[in-house]
J.: 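Quick one: structure below, then a few questions.
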Amino acid sequence: MPGNLSRRLPVIAVVIVVAGVLAASVGGSPAGERPRRTGAAVIPAETSGSTPAGATPSTSTSSTVAVASLPPPLGWSSCGSGYQCSTLVVPRDYGDPGGPHIGIALERRPASLASRRIGSLVINPGGPGESGIGNFVKDLSILPAGVLARFDIVTFDPRGVGASEGIHCTGDTYSGPEPDPVPQTPGAEQALLAADRAYAASCARAAGALLAHVGTEDVARDLEQLRLALGDPGLTYLGLSYGTLIGETYAAMFPTRVRAMVLDGPLDPSLTTTELANAQATGFQGSLDRFFAWCRSSPGACAWRPGGDPHAAFEAIVAAVRSHPLAVGRRSVRPTELYTGAFGSLYSTAFWPSLGRALAGVAAGDGTAMLSLYDSYQRLGDPTFDGDANNAVTCLDHPVPADPAAYPGLAAAAARVAPDFGPLFAWGTLSCAVWPVPPSAERTPAAVNAIGSPPILVVGTTGDPATPYVWARSVAASLSHAILLTREGLDHVALFTSSCVRAYDEAYLVSLDPPAPGAVCPS
């Protein structure tokens with residue numbers, strides 16, 4: 001349905017799009033593909049999980065969350081090719097630990113040097129909506145050899161994603177015109193709002209009570225339950241892009257239970273949703289400006305060669321497909337497909353030639369290449385990504401103004417800081433205004449201090465469009481004990497492209513030896 005396909009919010013950066021392309025270039029792939037887990041994680045019959053004698057129950061720093069019992073033991077079984085799978089049983093609602101439980105699907109690769117094993121390294125590839133299990137082989141391929149040798153690498157599908165009670169919104173009843181993601185008229189605004197409401201209602205019907213319990217605060221509590229189930233005295237964690245918000249939230253709740261934590265491409269948890277959207281739109285605007293400059297300076301590599309102002313030419317293309325959508329078989333390229341294909345190609349300079357070809361195609365009346373870029377970003381048919389879960393988590397993590405009448409003003413303000421992408425990102429948050437969860441379930445933006453934690457390694461890339469470098473500086477400054485590692489470059493998340501960053505990560509994770517203050521990786 002139109003409402004479903006266009007509701008992917010461009011508020012939270014998605015990192016795995018880049019990972020899939022770049023993983024092969026960094027080498028070290030540990031194993032080929034093997035049979036994948038299908039269906040939901042299986043919850044053992046006994047889920048009460050009473051606390052063993054002498055054990056200390058896990059608690060949250062929130063006074064509104066009841067004490068959760070220790071999780072049942074993990075029963076690992078072979079997944080093939082040396083990998084092991086299990087299910088972590090957790091309360092659906094940590095405010096009601098005696099109520100219904102859900103299963104969190106896990107997978108691990110045992111340490112290759114078992115005699116010198118340190119413990120477990122838990123990783124999250126980003127998202128929200130990414131399947132850690134579905135991306136496990138690619139994620140392992142970018143980890144340093146020393147990390148693979150000394151740690152069991154553990155990944156998981158966060159609640160609401162993939163095999164962990166995945167959210168799949170069906171039965172969207174919207175039947176109006178294809179909504180414009182940047183509506184130009186009151187009628188177009190109402191069509192977008194109607195599509196958002198119909199989609200939200202379909203998610204409420206499909207997910208039921210779980211919809212209010214898939215936010216990052218609950219995922220962080222799951223992470224503490226996972227640490228306990230693994231038997232590690234402290235959590236060793238690597239979070240990329242959205243995965244940094246999981247780590248930040250965990251550190252805020254359980255600062256003294258962190259052994260080591262890497263936050264690469266961090267989100268700033270103190271920002272309001274409007275501030276976050278505007279900052280990210282500005283980041284992509286800067287990347288678009290650099291793309292335009294590259295096209296002018298590299299006419300042999302960039303197929304799009306507009307005359308005059310490239311911004312005006314880009315907006316003219318948007319206006320053209322708004323008034324006359326380009327047919328591609330039984331589908332069309334409209335503003336949704338063009339905007340998404342464009343900003344989705346700005347995560348990495350490696351995608352710039354593809355964007356140039358797609359814009360040149362649209363300018364010539366052929367939308368095939370742009371539709372391909374749109375499909376790649378939307379991950380249509382990709383079992384490792386769930387757009388419905390992305391929306392559900394985003395709306396819990398990033399509260400927005402509830403009055404739809406506020407959004408034309410928000411879009412106008414965003415256009416002043418990021419003319420090409422600001423309105424798109426502002427209107428993209430409208431679906432959260434009608435999201436069917438109580439305000440009490442939403443995260444409150446706040447800086448993370450994590451008083452009592454060991455040093456936390458924050459990695460920021462100077463030209464990262466999705467998680468701007470200023471966020472890394474802000475997160476490092478707010479943490480009571482943090483080291484900022486700066487990578488000079490343009491792409492999203494340093495781990496994928498920088499051998500220098502990978503070396504620092506290895507020394508820190510293995511030996512608890514962080515970089516010196518002010519450390520910089522030139523690439």
Side-chain angles (χ1 to χ4, degrees), residues 8-19 22 123-130 139 142 216 237-251 261-288 290 343-351 377 390 393-394 397-398 417-418 421-422 424-425 428-429 443 445 447-448 456-479 482-498 501 505 520-521:
R8 171 75 178 281
L9 301 182
V11 178
I12 298 299
V14 178
V15 64
I16 205 68
V17 176
V18 181
L22 299 181
I123 63 175
N124 180 274
E130 292 290 352
D139 292 340
I142 61 173
T216 297
Y237 178 77
L238 169 63
L240 310 177
S241 193
Y242 160 72
T244 64
L245 185 60
I246 298 174
E248 292 158 2
T249 306
Y250 180 92
M261 180 175 287
V262 177
L263 306 174
D264 190 339
L267 275 74
D268 185 344
S270 71
L271 298 179
T272 67
T273 304
T274 296
E275 291 169 336
L276 186 151
N278 285 347
Q280 204 169 44
T282 301
F284 280 103
Q285 187 73 53
S287 186
L288 184 66
R290 290 188 287 271
F343 85 77
S345 301
L346 296 173
Y347 281 83
S348 169
T349 56
F351 300 151
Y377 184 81
N390 177 285
V393 176
T394 296
D397 283 356
H398 304 287
V417 298
F421 289 125
L424 174 74
F425 280 49
T429 65
R443 185 183 69 90
V448 172
I456 292 174
L457 179 57
V458 179
V459 184
T461 296
T462 54
D464 187 331
T467 50
Y469 178 65
V470 65
W471 292 358
R473 292 176 60 89
S474 176
V475 169
S478 68
L479 287 166
I483 299 294
L484 174 63
L485 173 60
T486 298
R487 182 234 165 190
E488 295 176 339
L490 299 179
D491 298 333
H492 179 45
V493 175
L495 181 69
F496 297 133
T497 53
S498 174
V501 168
D505 286 348
V520 176
C521 282

J.: Please report the shortest heavy-atom distance between P266 and V458, naming the atom on each side.
T.: CG-CG1, 3.8 Å

J.: Answer yes or no: is there a side-chain heavy-atom contact under 4.5 Å between V448 and V475?
T.: no

J.: Which value, rounded to the nearest 0.5 Å, describes the distance between L276 atom CG and T394 atom OG1?
T.: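 Rounded to the nearest 0.5 Å, the CG-OG1 separation comes out at 9.5 Å.
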
J.: List the atom of V393, the atom of T216, and the distance in Å for their closest heavy-atom pair.
T.: CG1-OG1, 4.0 Å

J.: Please report the C-alpha distance between Y237 and I246 in whole Å, then the side-chain angles of each, then the deciding distance to 0.1 Å, and finally whether the side chain to side chain contact (heavy atoms under 4.5 Å, CB included) criterion is met.
T.: CA-CA 10 Å; Y237 178 77; I246 298 174; 3.5 Å; yes

J.: Can you tell me how far the CG atom of D139 sits from the CZ atom of F496, to the nearest 0.5 Å?
T.: 6.5 Å

J.: Hey, what's the ring geometry for F284 with F425, parallel, tilted or perpendicular (30° and 60° as the breaks)?
T.: tilted

J.: Hey, mind stepping through E275 and D268 against side chain to side chain contact (heavy atoms under 4.5 Å, CB included) and telling me if it holds?
T.: CA-CA 10 Å; E275 291 169 336; D268 185 344; over 6 Å; no

J.: With rounding to the nearest 0.5 angstrom, report the NE2 to CG distance, H492 to L495.
T.: 11.5 Å

J.: Using the side chain to side chain contact (heavy atoms under 4.5 Å, CB included) rule, take H398 and T429 through it: C-alpha gap first, then chi angles, then the decisive distance, then the call.
T.: CA-CA 9 Å; H398 304 287; T429 65; over 6 Å; no

J.: Could you tell me whether the side chain of Y250 reaches within less than 4.5 Å of the side chain of M261, counting heavy atoms only?
T.: yes

J.: Between L485 and L457, does a side chain to side chain contact (heavy atoms under 4.5 Å, CB included) hold up when you go through it step by step?
T.: CA-CA 7 Å; L485 173 60; L457 179 57; 3.9 Å; yes

J.: State, to 0.1 Å, how close S498 and C521 come at their nearest heavy-atom pair, and which atoms those are.
T.: OG-CB, 4.1 Å

J.: Which pair of non-hydrogen atoms, one from V501 and one from A494, has the smallest distance, and what is that distance?
T.: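 It is CG2-CB, 3.7 Å.
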
J.: Let me confirm one number: the CZ-CG distance from R443 to L245, rounded to the nearest 0.5 Å.
T.: 5.0 Å

J.: If you look at every heavy atom in A482 and A476, which pair is closest and at what distance?
T.: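 Heavy atoms only, the tightest pair is CB-O, 3.7 Å.
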
J.: Restricting to non-hydrogen atoms, name the atom on S270 and the atom on P445 that form the minimum distance, rounded to 0.1 Å.
T.: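 Distance-wise, the nearest heavy atoms are O-CB, 3.8 Å.
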
J.: With side chains defined as the heavy atoms from C-beta onward, is the minimum distance between Y242 and T467 less than 4.5 Å?
T.: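 The answer is no; the side chains never approach within 4.5 Å.
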
J.: Would you compute the distance between atom CG of L240 and atom CD1 of I142 and round it to the nearest 0.5 angstrom?
T.: 6.0 Å

J.: Just wondering, do D464 and W471 contact through their side chains at under 4.5 Å, heavy atoms?
T.: no

J.: Out of T282, L346, T349, which residue meets the side-chain contact (heavy atoms from CB on, under 4.5 Å) rule with S287?
T.: L346

J.: May I ask you to test the P269-T244 pair for a side-chain heavy-atom distance under 4.5 Å?
T.: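 Contact flag for P269/T244 side chains = no.
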
J.: Can you measure from OG1 (T461) to CZ (R487) and round to the nearest 0.5 angstrom?
T.: 5.0 Å

